[in-house]
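These values consider heavy atoms only, across backbone and side chains, with no hydrogens, waters or symmetry-generated copies. We name chains A, B, ... by the order of the sequence lines, and we start the count at 1 in each one.
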2 protein chains.
Amino acid sequence: MIRGGIGASMSFEGKDMPRKGARVKISDVSDALGLTKSTVSRALNHYPDISETTRTRVQAMADKMGYRPLSHAQAIRTGLVKSLGLVIQMADHDAQRPFLSTFLAGLSEGASTEGFTLTIATSNSEQVTLDTFKSMIRDHKADGFILPRTMVDDPRIALLRAADVPFVLFGRVAGASDLPFYDVKGGAAMHEAVQHLAVLGHRQIGFINGGTQYSYAPTRADGFLRGMFDAGLVVDPALMAQDAVTIDQARIAADGMLAASTPPTAIICAVDMAALGVYETAAARGLKIGYDLSVIGYDGIPEGAHVSPPLSTFAVDFKHAGLRLSDLLIRNIRGENPTGLQETATAQFLHRGSTGPAPHSHTNSKGGNYESEL
Amino acid sequence: MIRGGIGASMSFEGKDMPRKGARVKISDVSDALGLTKSTVSRALNHYPDISETTRTRVQAMADKMGYRPLSHAQAIRTGLVKSLGLVIQMADHDAQRPFLSTFLAGLSEGASTEGFTLTIATSNSEQVTLDTFKSMIRDHKADGFILPRTMVDDPRIALLRAADVPFVLFGRVAGASDLPFYDVKGGAAMHEAVQHLAVLGHRQIGFINGGTQYSYAPTRADGFLRGMFDAGLVVDPALMAQDAVTIDQARIAADGMLAASTPPTAIICAVDMAALGVYETAAARGLKIGYDLSVIGYDGIPEGAHVSPPLSTFAVDFKHAGLRLSDLLIRNIRGENPTGLQETATAQFLHRGSTGPAPHSHTNSKGGNYESEL
DNA sequence: ATCGTTTCCGAAACCGGTTTCGGCAAGGGT
DNA sequence: ACCCTTGCCGAAACCGGTTTCGGAAACGAT
């Protein structure tokens, strides 16, 4: 196992002078101060048995010399590698694709400000995902994990709990109130979507939900139902679909609705991808979006801005989500109480061109009332 | 710095029996065999001074006990953290977004098969990118780096060379023949695109190039020019544009071409995103794609399959690219000769609906000849 | 039988940090 | 003046591996 190392130089220099270009280690700092490395270590780590005087002196010298501890060197003793783990499972539909880069940007930024890095792995099935978690945990590749796309019954949660490894959910899960999470209130968004359409006079409103295995699905469905109730509208089971996360799946779902006896004048989609499918169906049926048929999406994917008419949707700030998630996870790793590590955010409605007044609208007399409920 | 550790149990068990659930370390293996840990270490690392007999014996026991060395524990001595670094810079246009997930999938798969992990960071400017590299190098967060989107004069290359850190380029760069790289032959694709259109009778062919700062731009331009020359066609400077990587930029470029005295009957785009911009321009001008105007793209982004008509393009296999890049990088880290770590791949033409015979075509007599040159 | 060579493994140092333990000196109380 | 704290730091062990060094046993050759 011979390897040409960078530090294999044999130049002679002052024995107390660290070789230029070589990494400055803790002993370099302690030597420079006439202290022992144990003192320097404790000073830098705010041990109470170090006087404030020498603490600042050590800190100053460390800064001056540009000392930065080697995270994997401390890891062997502390057990912390200063890294956040992310296992991205992209199987089936990979609707997560459009947000991935901004999501990563948020995670990376949040991690790096605390001196953490991001260790990621991918998988293409649930089994591989779980195996990846196991090996990453066993080899201690990360101090904690971010779990995107939580599912209603998520096996990752059981695994990480059993291993006693910190983690944070992107999307809360029912019945586990003691877990750290960050979630965007999709239910509220669906509720708002219904109100928006009701004000425009729509009465037959369809709802195309996403994958029922995901925790967001029931939440958004609830928001839709509640919105319909609050608007005094009747929910038609024929206008409810689910498990549509791709364009094709949504195309079929929308086609079914439009063939119903009382077709919808508006369709709300739990994910933008589905909304794009509705666009295709409408085009095939000669319906003009925003005129014959109103559509509202959710997610805020960039493609939505380029279809015609531009898709009105609820934009999720994935950069911010990543930022918050990494912060929550790091605090969880540091031992904060999980129940205090729960955050929600609001999706922002982008009023673009895909909604309009209900066709043949006999100006719903209740129209004005909904405003006050917003 | 008090931290509740998992291993803080005080249960009494046989002194030679590793606690169940605890990680099995090298001393556990050596104890079980009656050897010293130094012998076990050398056996596992194929040192020549270990007899084949004990080598297999050690290996068997290690496997049986499920021993896996802690990468950050070995890193402190070997200097290798067994991790590949990736700094994703998403500024300006982030056209790289659509491929990111599959690209990561390839990288991750390639890395994990060799026991490596992926450490990623993001940035939003060149300066931040370089700073990120510096800090990752200083803290030894990765053993080598993958450089996506190489530029013609890439500051990352200088930085990594100076630091003597292994890396591999995604996209070769002119004048640095001693660097490891993986590249997709975009020039050949542009050449093929011209041939395809020439066969269809097109004579006025426009070319919209991508960002000129990227190394792929001159390559693709050369391919286009060579293709025009080989097809016996004249290049009209008015039909050449560049730095169009977004829909909007391409829209403007295409608009300029179509307003020229001899407008193109076909436009080749260096990136799919630009092709989508051409679609918009065509729509605005009432031109039917594949009929009044032919378009060929490059990249193979998923959106291309959903526009109407579906975009004919050259698909790049980003999963494969990631797979090969990680392999090349790991071999580079292991000390292989860089000149042997250079690979190219071919983009595959997806013949979809965006090309058709040249309008008003007076059946170019040379038409048939191009076939034989393919 | 003697004397080098090899072969093969144990002992111990090492990597760059962290953490425990103990002791010296200054300070406080009586 | 004496004892007991308390504050503060050095010495040394430790984390989980790797690598150097040296020596005992087996081997081969004289």
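- Out of D:dT19, C:dT19, D:dG17, the shortest distance to the side chain of A:Tyr47 is found at C:dT19.
- Protein atom CG of A:Leu33 is 15 Å distant from nucleotide atom C1' of D:dG10, rounded to whole Å.
- Ring geometry, B:Tyr182 versus B:Phe170: the interplanar angle falls from 30° to 60°, so the pair is classed tilted.
- The closest side-chain donor-acceptor pair between B:Lys141 and A:Ser83, if any, does not fall under 3.5 angstrom.
- Within 4.0 Å (heavy atoms only), A:Ser27 reaches no atom of the nucleic acid at all.
- Nearest-nucleotide positions on DNA chain C place B:Thr36 closer to the 5' end than the other of B:Ile76 and B:Thr36.
- A residue-by-residue look at B:Glu52 and A:Ala73 shows that B:Glu52 has its nearest nucleotide of DNA chain C further toward the 5' end.
- Between C:dT18, D:dG17, D:dC9, one nucleotide has an atom nearer to the side chain of A:Gln74 than all others, and that is C:dT18.
- Atom pair B:Leu44:CG and D:dT18:C1' shows a separation of 12 Å (rounding to whole Å applied).
- Counting heavy atoms of neighbouring residues, nucleotides and ligands inside a 6.0 Å radius, atom CG of A:Asp153 does not exceed 12 of them.
- For A:Arg42 against D:dG10, a side-chain-to-base donor-acceptor contact under 3.5 Å is present.
- The NE2 atom of B:His46 sits 17 Å away from the C1' atom of C:dC8 (whole-angstrom rounding).
- At the heavy-atom level, A:Ser51 lies under 4.0 Å from the strands shown only through sugar-phosphate atoms.
- If you measure from atom CZ of A:Arg55 to atom C1' of D:dG7, you get 16 Å, rounded to the nearest angstrom.
- The distance between atom CG of B:Asp49 and atom P of D:dT20, rounded to the nearest whole Å, is 11 Å.
- The main-chain N or O of A:Phe133 is never found under 3.5 Å from a side-chain atom of A:Arg156 such that the two would form a donor-acceptor pair.
- At least one side-chain nitrogen or oxygen of B:Arg23 sits closer than 4.0 Å to the OP1 or OP2 atom of D:dG17.
- What separates CG of B:Leu70 from P of D:dT18 is a distance of 10 Å, to the nearest Å.
- The distance from atom CG of B:Leu80 to atom P of D:dG16 is 21 Å, rounded to the nearest whole Å.
- Ring pair A:Phe99/A:Phe318 is parallel by interplanar angle, where below 30° counts as parallel and above 60° as perpendicular.
- On a pure distance criterion of 3.5 Å, a polar donor-acceptor pair joins the side chain of A:Lys37 and the base of C:dG17.
- Taking every side-chain heavy atom of A:Thr54 into account, D:dC9 is the closest of D:dC9, C:dT18, C:dG17.
- Picking from D:dC15, C:dC9, D:dT18 the nucleotide with the shortest atom distance to the side chain of B:Thr39 gives C:dC9.
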